[in-house]
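Values in this document were obtained by computation on a predicted structure and should not be read as measured data.
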Amino acid sequence: MRTATLGPAERIEALTGMAERELDVLVVGAGVVGAGTALDAVTRGLSTGIVEARDWASGTSSRSSKLIHGGLRYLEMLDFALVREALKERGLLLERLAPHLVKPVPFLYPLQHKGWERFYAGSGVALYDAMSLSSGHGRGLPVHRHLSRRGALRVAPCLRKDALVGALQYYDAQMDDARFVTTLVRTAASYGALAASRARVTGFLREGARVVGARVQDVEAGEAYEIRAKQIVNATGVWTDDTQALIGERGQFHVRASKGIHLVVPKDRIHSTTGLILRTEKSVLFVIPWGRHWIVGTTDTEWDLDKAHPAASSADIDYLLEHVNTVLATPLTRDDVEGVYAGLRPLLAGESDATSKLSREHTVAHPVPGLVVVAGGKYTTYRVMAKDAVDEAVHGLDQRVAPCVTEDTPLLGAEGYRALWNARARIAARTGLHVVRVEHLLNRYGSLTEQILALIADDPTLAEPLPAADDYLRAEIVYAASHEGARHLDDVLTRRTRISIETFDRGTLSARECARLMAPVLGWDEHQIDKEVEHYEKRVEAERESQRQPDDLTADAARLGAPDIVPI
């Protein structure tokens, strides 16, 4: 297997290649489910293409809580099948599929009532651990433990003493969601899938009742392509209904969008060695370790405004701060917030009015011949959703197709990761990088770290950190454009790195240097560099303005003040 590069030339080759011959499967949408579907299809031996209207994971799949988890609260809803399925997937990702990207993370659940609550919550967490072990892939995580109040305050001194009588600690897992999706797309491309971002489906090709392809607009160059495929998989998440409307047929189900917002605060604002999980009147609240930061989230409210740029309002931010401060000895304030991001969960519409009660299950449908629709679900179970979507597509293919093999197909960077991790001190000595830098690279790229190190060997200045975002090396910015499909400054600052939410300036101080690093790869002149920087600064200001607004309607209007960038 070759290691695919998703650079500018490869993108054009992919678009022309998709238009030259009929594909077995064309996937529309490159969030985690679409990317997983492309990988599933191509590893069954099917000729596969995937197109995405914006950037990889630019919608829901870059704006999650960054957790790979079984869904402890779904046990309370007695949704045992969903939890069991998710726990198996969590174990597969930790142990086999992506150990470089998915990492264990501890959570503390404070108990506020003596006696019954410890028994009730403890029984749930014990069942959670038992289901994980019974999946055959749960031995990589420690089991839960009971803590006294003193024990809980020892691991989480940030907690108010009167906020708990004791605690439970258990483990789940986390990842960088956007990086995970980019790795999925590159893995699919390495097995032969053709992948193109900034390629928008504008309509479907029909022969009678059957869908036989799609009209695709290259958003960058303006060219139009007709891509024919025996089966098309619509994996567009919260855009499912919009994409479905392009065929002029009523969908068999509808997808509602639920908005979840998250705050990012510096590590020193919350003194704890563990994450926290708190109950609220509507859902649960997580405080999640995130490098030198914490992620605090999330909300769960219906959203029917702009899907591309969901906005966090002042009321959303106040809600999270109010609830997390009920247990913190030193309350958080607005001044502590480095970053804010909002995402939309695609939930299958049901009878419940409250989005927090809608199903996290997924559905696959074949509304018309040649078109499969997959929707719903949760990030952790993307591989199962992808398998079900391809299984459905296979029914429409007039050929024998191999079964799913993604349970045994590691993502790029997984093979050899543990050996390189063990050799990280030696790599640091060889390259002159600090061992902490090497660990950072290994946990973002796995064994593909060697490609980053090759860039540095060719240009030693790329080993320097970005002055205004020193968690990241200059080489990572170049690599994002040359290997990972980043087409614009926003792609790099928001998704290939997390500079947009990990710095108080929201990435504006890094913008020009990053644009200059990207320019030689993408062929930008000074005018395009200025345009990229100006667009990014306007985007940040629009987001800041939206976060000062009192409600969703005014926040949405403020966020739409910064339009999407269009190339020269």
Side-chain angles (χ1 to χ4, degrees), residues 4 6 10-54 56 181 184-207 209-219 223-237 239-240 242-247 249 364-375 382 385-399 401 404 406 485:
L6 301 178
E10 290 80 8
R11 176 179 170 277
I12 296 300
E13 288 172 9
L15 279 170
T16 55
M18 283 187 262
E20 284 173 356
R21 63 190 175 94
E22 184 183 45
L23 299 169
D24 291 323
V25 175
L26 174 65
V27 182
V28 181
V32 71
V33 176
T37 300
L39 178 59
D40 189 294
V42 76
T43 52
R44 297 194 198 200
L46 299 171
S47 59
T48 304
I50 179 169
V51 292
E52 162 58 45
R54 295 185 295 153
W56 317 127
V181 173
L184 265 178
V185 174
R186 285 190 71 190
T187 306
S190 296
Y191 283 103
L194 300 172
S197 63
R198 308 281 175 183
R200 184 184 304 278
V201 170
T202 58
F204 289 108
L205 306 175
R206 302 286 290 264
E207 287 182 3
R210 186 175 190 84
V211 173
V212 296
R215 285 186 290 274
V216 175
Q217 183 86 19
D218 179 352
V219 179
E223 291 189 39
Y225 298 85
E226 287 196 351
I227 300 174
R228 301 184 76 82
K230 295 174 185 173
Q231 292 287 312
I232 292 180
V233 178
N234 174 9
T236 51
W239 286 271
T240 297
D242 303 279
T243 313
Q244 192 88 334
L246 293 176
I247 62 170
E249 301 275 348
V364 176
H366 220 137
V368 295
L371 179 68
V372 171
V373 182
V374 56
Y382 82 89
M385 296 175 67
K387 173 185 177 297
D388 291 349
V390 177
D391 283 345
E392 184 65 32
V394 164
H395 290 317
L397 296 175
D398 188 22
Q399 63 192 84
V401 178
C404 174
T406 55

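- Side-chain contact check for Arg206 versus Val211: some heavy-atom pair is nearer than 4.5 Å.
- Within the structure, salt bridge (Lys or Arg N to Asp or Glu O under 4.0 Å) contacts touching residues 364-375 (residues at least two apart or in different chains) do not occur.
- For Asp218 and Arg11, the salt-bridge test passes: some basic side-chain N is under 4.0 Å from an acidic carboxylate O.
- Side-chain N or O atoms of Ser47 include one that pairs as donor or acceptor with a backbone N or O of Asp24 at under 3.5 Å.
- In plain terms, the two heavy atoms of Ala199 and Val51 that are nearest each other are O-CB, 3.8 Å.
- Between Trp239 atom CH2 and Leu246 atom CG the span is 14.0 Å, to the nearest 0.5 Å.
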Check residues 12-21 and write down every donor-acceptor pair under 3.5 Å in which the side-chain atom is one partner and the other belongs to a residue at least two apart or another chain.
unit_1: Thr16; atom_1: OG1; unit_2: Ile12; atom_2: O; d: 3.0
unit_1: Thr16; atom_1: OG1; unit_2: Glu13; atom_2: O; d: 3.0

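- For the pair Met385/Val32, no side-chain contact is recorded, criterion being any heavy-atom separation below 4.5 Å from C-beta on.
- Scanning all heavy atoms of the two residues, the minimum distance from Phe204 to Arg215 falls at O-NH2, 3.6 Å.
- The two residues Val27 and Gly34 come nearest to each other via the heavy atoms CG1-O, 3.5 Å.
- Sorted pairs that involve residues 29-39 and meet side chain to side chain donor-acceptor pair (under 3.5 Å), not counting sequence neighbours, are lacking altogether.
- Residues that satisfy the side chain to side chain contact (heavy atoms under 4.5 Å, CB included) test with Ser190, not counting sequence neighbours, are Met1, Ala4, Leu412.
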Working for side-chain contact (heavy atoms from CB on, under 4.5 Å), residues Gln244 and Leu371: CA-CA 10 Å; Gln244 192 88 334; Leu371 179 68; 4.1 Å; yes

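- Here Ile227 contributes atom CD1 and Ile232 contributes atom CD1; the two are 9.0 Å apart, rounded to the nearest 0.5 Å.
- Taking CH2 of Trp56 as the start and CZ of Arg198 as the end, the distance is 10.5 Å to the nearest 0.5 Å.
- The two atoms that bring Thr48 and Ala41 nearest to each other are OG1-CB, 3.5 Å, heavy atoms only.
- Taking CG from Leu23 and NZ from Lys230, the interatomic distance works out to 9.5 Å, rounded to the nearest 0.5 Å.
- With Thr236 contributing its side chain and Asn234 its backbone, the two residues share no donor-acceptor pair below 3.5 Å.
- Residues Val181 and Ala30 share a closest heavy-atom pair of CG1-O, 3.5 Å.
- One finds no salt bridge joining Glu10 and Arg186 here, because no Lys/Arg side-chain nitrogen approaches an Asp/Glu carboxylate oxygen to under 4.0 Å.
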Evaluation steps, side-chain contact (heavy atoms from CB on, under 4.5 Å), between Val390 and Val25: CA-CA 9 Å; Val390 177; Val25 175; 5.7 Å; no

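- The side chain to side chain donor-acceptor pair (under 3.5 Å) search around Arg44 returns Asp40, Asp391, not counting sequence neighbours.
- To the nearest 0.5 angstrom, Leu184 atom CG is 9.0 Å from Ile50 atom CD1.
- Residues Leu46 and Leu397 form a side-chain contact, since some pair of their non-hydrogen atoms from C-beta on lies under 4.5 Å apart.
- Ala53 meets the side chain to side chain contact (heavy atoms under 4.5 Å, CB included) test with Arg200; sequence neighbours excluded.
- The shortest heavy-atom contact between Arg210 and Gly396 is NH2-O, 3.6 Å.
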